[in-house]
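The block underneath contains the structure these notes are about, expressed in structure tokens.
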Protein chains: 2
Amino acid sequence: MPDSLPPDSVGLVTPQTAHFDIPLALACGRRLEQYSLVYETYGELNADASNAILICHALTGHHHAAGYHTMGDRKPGWWDDYIGPGKPIDTARFFVISLNNIGGCHGSTGPTSINPDTDEQWGPDFPLVTVPDWVESQKRLAERLGITRFAAVVGGSLGGMQALQWTLDHPERVGHVAIVACTPKLSAQNIAFNEVARQAIRSDPEFHDGWYARVDAMPKRGLKLARMVGHITYLSEHSMGTKFGRDLRQDRLNFGYDVDFQVESYLRHQGDTFSTAFDANTYLLMTKALDYFDPAAEAGDDLAAAMKPISCPILVVSFTTDWRFTPSRSRELVNAMIHAGKSVSYANIDSPHGHDAFLLPGERYEAVLGNFLTRAHDQANRESAARCATAQETSHA
Amino acid sequence: MPDSLPPDSVGLVTPQTAHFDIPLALACGRRLEQYSLVYETYGELNADASNAILICHALTGHHHAAGYHTMGDRKPGWWDDYIGPGKPIDTARFFVISLNNIGGCHGSTGPTSINPDTDEQWGPDFPLVTVPDWVESQKRLAERLGITRFAAVVGGSLGGMQALQWTLDHPERVGHVAIVACTPKLSAQNIAFNEVARQAIRSDPEFHDGWYARVDAMPKRGLKLARMVGHITYLSEHSMGTKFGRDLRQDRLNFGYDVDFQVESYLRHQGDTFSTAFDANTYLLMTKALDYFDPAAEAGDDLAAAMKPISCPILVVSFTTDWRFTPSRSRELVNAMIHAGKSVSYANIDSPHGHDAFLLPGERYEAVLGNFLTRAHDQANRESAARCATAQETSHA
């Protein structure tokens with residue numbers, strides 16, 4: 001490995017693609033006849049495939065969670081601070097899988113993929129997928145890789161919803177689950193912000209009812225606005241205040257609509273960058289997956305009853321200044337799990353960074369997650385040893 | 001008065017217009033050679049013009065604060081709960097003035113007015129006006145009406161900023177000042193939300209760089225988005241949750257982009273209504289007036305030093321669930337006034353309604369404001385009596 005990559009990096013990684021042609025029945029009632037998942041892996045799968053961790057991504061995330069694609073990459077994967085040798089998600093002992101979800105725009109089957117029935121992009125015809133749909137597709141990927149049980153499933157925000165869904169749908173297939181900066185369901189205000197983002201995209205004349213690719217257009221203005229409003233909800237008021245305050249970009253107010261304050265410049269830049277890098281139909285779809293997530297709904301709105309299937313230890317982590325999914329939302333989840341008699345640990349991490357804290361370095365957060373995954377590792381080893389002993393007994397019999 | 005108006009209403013009111021042709025120098029360096037202010041009055045001005053209260057409006061407000069324009073009006077003015085005989089702003093004893101500010105779109109000179117230099121609408125050429133500019137224009141209106149000193153100036157949100165500015169610029173002309181749901185300056189997050197609104201409007205292809213009137217267009221999509229995002233910040237998370245929760249508009253999810261949740265329907269409706277009723281250039285201008293307000297800036301960011309001119313009793317009111325301008329922002333103001341040795345009362349009103357609480361009925365809020373204005377009335381009476389005694393002494397001398 002070349003000298004210039006950090007020693008605790010997973011190094012250069014190459015995305016892989018798994019194709020599935022067994023139809024996937026979706027919550028919306030439609031089905032995907034075939035689909036591909038693009039994914040990356042870090043670390044080595046052990047002999048009995050007991051050391052795998054699944055990483056689930058958030059709203060605008062993707063499979064590239066750690067390491068570098070080329071030596072020229074300016075930045076590593078989105079969770080590189082947490083995934084690598086010696087890091088909380090320790091690739092010296094775990095085999096880590098990170099995928100792009102169905103509906104995404106980073107290589108997995110989604111709105112920008114070709115619909116085999118029409119030979120053009122799916123566009124707005126791509127079905128709305130839900131968190132349980134994703135879990136089902138992820139299970140198939142696990143099977144393809146020979147993994148029948150994850151040592152742990154880990155995710156933040158929308159990724160945390162997938163981690164939670166794993167323990168509800170396939171409790172026998174997960175040893176530990178970490179749910180970070182998450183909520184058991186979106187509030188009216190959460191939905192409202194998503195709806196503003198959707199309206200921004202859908203009312204952009206370049207949206208063309210979702211068929212923008214047909215006319216080689218892209219609703220960049222809408223995507224930019226969606227990202228700007230999203231970004232405000234990812235940062236805390238405090239971190240925005242500390243980072244920008246009322247600092248002016250120039251030394252005086254301009255009494256016009258050019259940028260006066262640094263925070264305006266920052267938001268415009270974030271929005272512009274995003275608007276050329278993300279697919280609008282994917283953004284719409286991902287926000288709907290957030291809105292629709294509500295595991296208690298099928299249990300008569302009784303969240304504790306909905307938690308009943310859980311059979312593994314759970315870690316819930318929130319951040320003090322997260323106002324998108326506040327600590328109180330995590331506590332709802334924790335309380336429901338306690339009420340249901342589950343083994344749940346909870347840490348509310350003191351951080352100034354708002355919702356974004358789940359992506360950022362933080363000593364206590366790293367320790368909490370790392371310790372939890374050490375227990376996941378120990379348990380997976382005990383299970384392996386037990387299986388091994390059973391197998392030996394059987395072979396000796 | 002016809003039977004069907006409520007007995008505690010100020011009844012039918014007719015807006016009036018005052019024209020000014022002495023140029024008004026603005027903070028931006030430009031000047032308005034002439035301008036009109038549309039206003040309403042409720043109650044009777046007493047003989048020595050000592051019982052006047054000025055109402056200052058907020059972001060999208062206007063002069064029609066109380067009563068009805070016609071018997072067919074579905075709704076009274078925007079602060080009708082607070083202005084009327086026996087109400088906190090009691091028209092049985094006060095003469096109440098409410099105006100539309102310069103830059104507005106409800107009759108006062110603003111972007112939709114004709115620019116006499118060009119004989120077309122000002123549009124985006126209308127100068128950015130500031131809170132101090134408005135106070136200066138309001139002072140001229142007061143003089144026109146024969147009022148040299150207000151018994152009180154009252155305002156909420158952006159209106160509260162004007163009320164505060166009055167005591168800083170013309171302390172001798174105000175007897176009492178009530179500043180409701182306000183802040184001494186916008187935070188980075190506040191500015192960020194305004195910037196999203198502005199970008200929504202300015203990036204709408206129908207905006208035409210602000211010259212939409214020339215082509216008979218209106219950036220309705222942008223205005224709708226601006227209103228939607230604004231609305232989220234006016235309501236508390238709690239009130240949105242109580243009002244809408246995750247209630248569906250129909251009995252099931254539609255797995256598409258039609259309205260699923262009631263809150264989406266509500267926001268779209270609010271946005272649509274607003275987008276046909278408000279002027280885009282005015283919206284831009286009003287948000288800039290918010291962003292620019294910062295009385296401490298000229299005092300080296302020392303808010304207490306900036307409060308030095310105040311010579312009258314101040315009431316500051318905040319609302320527990322207001323997250324646009326939180327109670328902590330009101331306390332900054334109160335603490336600065338205390339530090340500067342001013343007479344300030346502060347009430348943090350328990351309300352579930354967020355920022356909007358300042359417009360809504362509330363027993364404790366009404367009592368606090370009403371009691372404060374009773375003291376304003378008593379003081380104005382004492383001042384009148386003193387003037388009268390001085391005048392009699394003079395005439396007897």
Would a 4.5 Å heavy-atom cut-off, applied to side chains only, mark A/K220 and B/S203 as touching?
no
Is B/T242 close to chain A through its backbone or its side chain, or both, or neither, when contacts mean heavy atoms under 4.5 Å?
neither
Checking heavy atoms, do the side chain of B/R30, its backbone, both or neither come under 4.5 Å from chain A?
neither
Evaluate whether atom NE2 of B/H238 has more than 12 neighbouring non-hydrogen atoms of other residues, nucleotides or ligands under 6.0 angstrom away.
no
Answer key: most heavy-atom pairs under 4.5 Å with chain B among A/K288, A/M240, A/K185 is A/K288
Using a 3.5 Å distance criterion without hydrogens, assess whether the side chain of A/Y292 forms a donor-acceptor pair with backbone atoms of B/F255.
yes
What part of A/N194 gets closer than 4.5 Å to chain B, counting heavy atoms only: side chain, backbone, both or neither?
neither
If you tally heavy-atom pairs under 4.5 Å against chain A, which of B/K243, B/H231, B/M228 wins?
B/M228
Counterpart residues, side chain to side chain contact (heavy atoms under 4.5 Å, CB included), relative to B/A181 (two or more places apart):
B/F319, B/D322, B/H355, B/F358
Which answer fits A/A27, side chain, backbone, both or neither, if we ask what part of it has an atom under 4.5 Å from a heavy atom of chain B?
both
Sidechain-backbone polar pair: B/R246 side chain, A/D291 backbone, donor-acceptor under 3.5 Å:
yes
Over 12 foreign heavy atoms within 6.0 Å of CD, B/E298:
no
Using non-hydrogen atoms and a 4.5 Å limit, figure out which bit of A/R268 sits close to chain B: side chain, backbone, both or neither.
side chain
Quick check for you: among A/R221, A/R198, A/E206, which has the greatest number of heavy-atom pairs under 4.5 Å with chain B?
A/R221
Please look at A/K224 and chain B and tell me whether the side chain, the backbone, both or neither of the residue comes under 4.5 angstrom of a heavy atom of that chain.
side chain
Could you tell me which portion of B/L285 (side chain, backbone, both or neither) has an atom closer than 4.5 angstrom to a non-hydrogen atom of chain A?
both
Any A/Q189 side-chain heavy atom under 4.5 Å of B/W323 side chain
yes
For the interface with chain A, which of B/V229, B/N190, B/L253 has the highest count of heavy-atom pairs at distances below 4.5 Å?
B/L253
Who wins among B/G271, B/S236, B/S187, B/P205 for the most heavy-atom pairs under 4.5 Å with chain A?
B/P205
Quick one: what part of B/L284 sits under 4.5 Å from any heavy atom of chain A, side chain, backbone, both or neither?
both
Let me see the working for A/F244 and B/I191 under side chain to side chain contact (heavy atoms under 4.5 Å, CB included), right down to the final yes or no.
CA-CA 11 Å; A/F244 308 108; B/I191 295 172; over 6 Å; no
Toward chain B, the part of A/L186 with a non-hydrogen atom under 4.5 Å:
both
May I ask you to list the residues in residues 258-266 of chain A that approach chain B closer than 4.5 angstrom, counting heavy atoms only, ordered by number?
A/D258, A/D260, A/F261, A/V263, A/E264
Taking all non-hydrogen atoms of both residues, which atom of A/L225 and which atom of B/A200 are closest, and how far apart?
CD2-N, 3.4 Å
